[in-house]
Enquirer: 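The structure's right below; bear with me while I get my questions together.
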Amino acid sequence: MAKMWAGRTDGATEQIADDFNSSIRFDSRMYRQDITGSMNHAAMLAAKGIITQADADALREGLAGILEDIDSGALAIDMTCEDIHMFVEQVLTERLGDVGKRLHTARSRNDQVALDTRLYLREQTQEILSLVKALLEAVVSKAEQYSNAIMPGYTHLQRAQPVTFGHHLMAYAMMLLRDMDRLMDCKRRMNQSPIGCCALAGTTYPIDRRYEASLMGFDGICRNSLDGVSDRDFCVELLSCLAMLMMHLSRFSEEIILWSSWEFKFVELSDAFTTGSSIMPQKKNPDMAELVRGKTGRVYGDLMALLTTLKGLPLAYNKDMQEDKEGVFDAVDTVKMCLQVFAPMVQTMEANLANMKRAAQKGFINATDLADYLVKKGLPFRSAYKISGQLVAYCIRSNTVLEELPLETYKGYSDLFDEDLYSEIDLKTCVEKRISEGGTSTASVLEQIAWVKEQLKEEKA
Ligand code: ARG
C-alpha cells in the first residue's frame, strides 16, 4: 500500500521491512487516546484560525464515527498499517477526502505518540491505583480480623519475638500505601502535555499548546520541545513503581506460600485460589501466589529493557523509542492481573490460630522478655541477656521451655527472679506490652489500622 509519507521516496518498501517497522500490533490498543487527541487537536487548530470551524466540525464528526465503529467492531483495525496514528488518519481521509488531510497540521507523529502514550498510561495508572487500593483494603480488614492473633515474628527466618498476625499484615499495608503514593506522584509528572512539540523544534503555526493541553485535563505542558518528544521518563517511572509494587507482592506471596505449607500451616487459602496436582491427591498448591512471585521477574525485565533502550539515544526522536510500548503495556497488564487475583485471595485466606500460637510457644521467643524482666529489676541489659541465654540453653538440654521451669531453677541463675516472671514471659504479655508506636500490641496495631484508613480517605485515588 502507498505510504502516507511517500514523497521523497516512492514509499515502496520491502514487505519484510514493513513488518519489521510496524507497531500497530501493540499500539492499536491506544486507538481511543489517538482519536481523542486528534479531536482536541482539530478544535485547537480551529480556535486559532489555522483551519476553518467547518473543517474542524467535519474532522470531529469523522473521528467520532471512527471511534464508534472501532468500538462496535464495524471497523476492523488494519494490521498492515504502520501504526495506529497512520490507520486513523488513513480511514479519516478515506471517509472525508481532503478535509481529513488537514488534521496533521502543526503536529508530528513524534508528539502524537508521546501524547497518546501519556493519555493511555495516565488511565492505566489510575486503574492500577484503584486495584492497589482494593488490595490494601482487603489487607487492612484481614489485619483487623487478626489484630490479636499471636504468631512468631521472625528474623533470619528464625523465631524471634511474638507478634500478631494483624501486625504482620499491616506491614504489607504500609508497603502498599507507599506504592499508591509513588504511583500518584508518577501520574503527576506524567500529566504534562507534549502535543505541540511537533517533530522536535516546535512549529511556525500560531498554536495554543496550553489550550489543547487543558482540553485533555493535563496539568501543564512539556516546556522544551526536544525533551517533549524524546522524554520517556514517565514510562520508566511507571515501570519502576510497578517493579517495586511487584517486589512487595512477591514477598507477600513468598510468605503465603510458606504459611500454606505443611511445615507451617499458618494459613489456609480458599479452594477457589489454589490448584490440585494431577498425580498427588493430597496437594493443594498456592499457584496464584507462585505466579505473582514468578511474574515479578518479567516486570523487572520490562523496566531494565526500557532503561537499556533509552540509555544511548541522542535527541530527539529515534525509532528505538517505539520499543517503549510493549514492555510498559506488558507490565501494566501483568500488574493488573496480579492485583485482581491477589485481593480476593487475601480476602478469603483463613488463619490457623492454633498453629500460629503453637509455633510461637516453641522457639523461646520470650527470651528477650525474660531479659527485660531482669533489667526492670535493676540488672544491666547485657548481664540480663546472658542469664536469659543460659536459661534457654538449660531448657534445650532438659527438653523444656521457659514457661515450665520451676522458680527455684530460675533462682539458681539470679535471685532477682520471682513468681511474677511467669506472667511477664506469657506470650500474651509479651505482645500486649509492646505498646511503642508501630509496635505489635493490639492497641498499636489498631492505631496503625486507623491511620492507614485515614490516609486512604485523604487520597484522591
Ligand atoms: N510508531 C511510532 C512509535 O511508536 C510512532 C512515531 C513515529 N515517528 C516517526 N518519525 N517515525 O514510536
Side-chain angles (χ1 to χ4, degrees), residues 1-38 41 63 66 70 77-93 101 103-124 190 193-203 222 224-236 238-239 302 305-333:
M1 186 187 299
K3 300 290 185 302
M4 220 166 292
W5 41 257
R8 169 174 173 171
T9 70
D10 62 7
T13 45
E14 288 288 344
Q15 184 63 45
I16 195 166
D18 285 348
D19 294 345
F20 188 64
N21 201 33
S22 163
S23 56
I24 197 156
R25 243 180 326 101
F26 47 87
D27 64 23
S28 59
R29 66 158 80 193
M30 303 193 299
Y31 74 87
R32 181 178 309 283
Q33 290 73 23
D34 193 72
I35 293 172
T36 312
S38 290
H41 189 62
L63 287 162
I66 294 175
I70 297 177
I77 295 176
D78 177 1
M79 289 295 160
T80 65
C81 275
E82 193 175 320
D83 55 31
I84 189 63
H85 327 293
M86 291 300 208
F87 171 73
V88 172
E89 197 183 329
Q90 182 186 302
V91 177
L92 192 68
T93 306
K101 297 185 189 165
L103 174 65
H104 210 54
T105 313
R107 188 173 76 169
S108 152
R109 266 189 301 157
N110 298 349
D111 56 347
Q112 190 179 356
V113 72
L115 172 73
D116 293 3
T117 313
R118 282 181 192 251
L119 287 174
Y120 180 80
L121 292 180
R122 184 175 78 179
E123 215 174 284
Q124 294 300 312
M190 186 187 288
S193 170
I195 199 72
C197 291
C198 300
L200 73 164
T203 181
C222 303
N224 176 297
S225 64
L226 291 166
D227 181 48
V229 289
S230 49
D231 172 21
R232 292 295 182 272
D233 290 7
F234 61 98
C235 299
V236 176
L238 178 58
L239 282 166
D302 292 330
L306 185 56
L307 280 170
T308 312
T309 296
L310 293 173
K311 80 178 267 287
L313 295 188
L315 300 183
Y317 180 84
N318 302 271
K319 197 59 175 253
D320 315 45
M321 289 162 72
Q322 181 167 286
E323 289 290 312
D324 60 355
K325 287 173 225 44
E326 278 167 295
V328 76
F329 293 167
D330 173 67
V332 159
D333 293 347

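Indexing begins at 1, ligand by ligand and atom by atom, following the structure's order. The figures that follow rest on heavy atoms only: side chains count, while hydrogens, waters and symmetry mates do not.
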Enquirer: Report the C-alpha separation of Ser38 and Arg107 in whole Å, then their side-chain angles, then the decisive distance to 0.1 Å, and conclude whether the side-chain hydrogen bond (donor to acceptor under 3.5 Å, both in side chains) test is met.
Expert: CA-CA 10 Å; Ser38 290; Arg107 188 173 76 169; 2.9 Å; yes
Enquirer: Who's the nearest protein heavy-atom neighbour of atom 7 (C) of ligand 1, and how far?
Expert: Tyr317 OH, 3.5 Å
Enquirer: Can you tell me if Lys311 has over 12 outside heavy atoms packed within less than 6.0 Å of its NZ?
Expert: no
Enquirer: Counting non-hydrogen protein atoms only, what is the nearest one to atom 8 (N) of ligand 1? Give residue, atom name and distance.
Expert: Asn110 OD1, 2.9 Å
Enquirer: Checking contacts here: is it the side chain or the backbone of Lys325 that comes within 4.0 Å of ligand 1, counting heavy atoms only? Could be both or neither.
Expert: side chain
Enquirer: Give the residue, atom name and distance (to 0.1 Å) of the protein heavy atom nearest atom 2 (C) of ligand 1.
Expert: Gln322 OE1, 3.2 Å
Enquirer: Please identify which atoms of ligand 1 are closer than 4.0 Å to at least one heavy atom of Ser23.
Expert: 1 (N)
Enquirer: For the CD atom on Gln322, are there more than 12 heavy atoms of other groups (residues, nucleotides or ligands in this structure) within a distance under 6.0 Å?
Expert: yes
Enquirer: Working note: Asp19 + Gln15, criterion side-chain hydrogen bond (donor to acceptor under 3.5 Å, both in side chains); need CA distance, chi angles, decisive distance, verdict.
Expert: CA-CA 6 Å; Asp19 294 345; Gln15 184 63 45; 3.0 Å; yes
Enquirer: Which residue holds the protein heavy atom closest to atom 5 (C) of ligand 1, what is that atom called, and what is the gap in Å?
Expert: Asp83 OD2, 3.5 Å
Enquirer: Apply salt bridge (charged side-chain N to carboxylate O under 4.0 Å, His left out) to residues Glu89 and Arg109 and explain how you reach the verdict.
Expert: CA-CA 11 Å; Glu89 197 183 329; Arg109 266 189 301 157; over 6 Å; no
Enquirer: Is the Phe329 to Tyr120 ring centre distance short of 6.0 Å?
Expert: yes
Enquirer: Among protein heavy atoms, which lies nearest atom 11 (N) of ligand 1, and at what distance?
Expert: Arg109 NH2, 3.7 Å
